[in-house]
Amino acid sequence: QVQLVESGGGLVQPGGSLRLSCAASGRTQSRYVLGWFRQAPGKEREFVAAIRRSGGPTYYSDSAKGRFTISGDNAENTVYLQMNSLEPEDSAAYYCAAGLLLTIQKNDYIYWGQGTQVTVSS
């Protein structure tokens with residue numbers, strides 16, 4: 001079992017930045033992939049970014065490329081999502097997920113956190 005706890009969400013003005021954190025505990029093996037997804041009201045949960053705990057390539061959605069950066073701290077068992085140049089369209093609940101495949105498909109992720117709300121508004 002893997003437990004995931006997100007933090008760092010909040011209210012930010014357009015153009016601002018936030019850094020989300022996902023603390024992983026339990027059987028967090030190096031082969032796991034940690035990803036970020038988001039879900040706005042009335043919309044499907046969508047992929048944002050993913051990284052393998054052991055390092056290597058990262059994946060980003062088109063909307064995240066150039067603005068968001070995913071990174072990991074293996075010593076702290078934490079993955080971060082640095083979000084810059086935020087737009088109102090980025091408002092959503094952001095979820096951390098863990099799985100074995102480096103994929104954008106939410107159904108391939110096994111463990112999920114409870115989510116943290118991000119609201120971008122003036």
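Counting begins at 1 with the first residue of the sequence.
- Connection of Leu101 to Ile110 is not established within any shared hydrophobic cluster, with ILVMFWY side chains joined at heavy-atom distances below 4.5 Å, either directly or through further cluster members.
- Residues Ser121 and Thr119 have side chains that never bring a donor and an acceptor to within less than 3.5 angstrom of each other.
- In plain terms, the two heavy atoms of Ala40 and Ala92 that are nearest each other are N-CB, 3.8 Å.
- The cluster map of Ile, Leu, Val, Met, Phe, Trp and Tyr, joined by side-chain heavy atoms under 4.5 Å apart, puts Leu86 and Phe47 in different clusters.
- Listed for the Glu6 side chain is a donor-acceptor partner under 3.5 Å among the backbone atoms of Gln114.
- Between the CG atom of Asn77 and the CD atom of Gln3 there is a distance of 11.0 Å, given to the nearest 0.5 Å.
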*Verdict with reasoning, Trp36 to Phe68, per side-chain contact (heavy atoms from CB on, under 4.5 Å)*: CA-CA 11 Å; Trp36 286 97; Phe68 295 1; over 6 Å; no
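- Nearest approach of Ala98 to Leu34, heavy atoms of both residues: CB-CD2, 3.6 Å.
- The pair Lys106-Glu44 meets the salt-bridge criterion, since a charged nitrogen lies less than 4.0 angstrom from a carboxylate oxygen.
- Judged by distance alone, the side chain of Tyr109 and the main-chain N or O of Thr103 form a donor-acceptor pair under 3.5 Å.
- Side-chain contact between Val118 and Leu20 is present, with at least one heavy-atom pair separated by less than 4.5 Å.
- Among pairs with a residue in residues 13-37, none fulfils salt bridge (Lys or Arg N to Asp or Glu O under 4.0 Å), at least two apart in sequence or across chains.
- The ring of Trp112 has its center closer than 6.0 angstrom to the ring center of Phe37.
- When all heavy atoms are compared, the tightest approach of Cys96 to Val79 is SG-CG1, 4.0 Å.
- Hydrophobic clustering of Ile, Leu, Val, Met, Phe, Trp and Tyr side chains at less than 4.5 Å, counting indirect connections, keeps Tyr59 apart from Tyr111.
- Counting heavy atoms from C-beta outward, Thr69 and Thr58 have side chains that stay 4.5 Å or more apart.
- Proximity of Val33 to Ile51: side-chain heavy atoms (C-beta onward) are nowhere separated by under 4.5 Å.
- Rounding to the nearest 0.5 Å places OG of Ser91 at 7.5 Å from CD of Gln117.
- For Tyr94 and Arg38, the side-chain atoms include at least one donor-acceptor pair closer than 3.5 Å.
- Nearest heavy atom pair, residue Asp73 against residue Tyr80, reads CB-CE1, 4.0 Å.
- A 4.5 Å side-chain heavy-atom check between Tyr95 and Gln39 finds at least one atom pair inside the cut-off.
- The minimum heavy-atom distance between Ser21 and Thr78, with the atom names listed, is CB-CG2, 4.2 Å.
- There is a side-chain donor-acceptor pair under 3.5 Å between Ser17 and Asn84.
- Between Ser61 and Ile104, the closest side-chain pair of non-hydrogen atoms is not below 4.5 Å.
- Across Leu102 and Ala50, no two heavy atoms sit closer than the pair CD1-CB, 3.8 Å.
- Between Arg67 and Ser85, some side-chain heavy-atom pair lies under the 4.5 Å cut-off.
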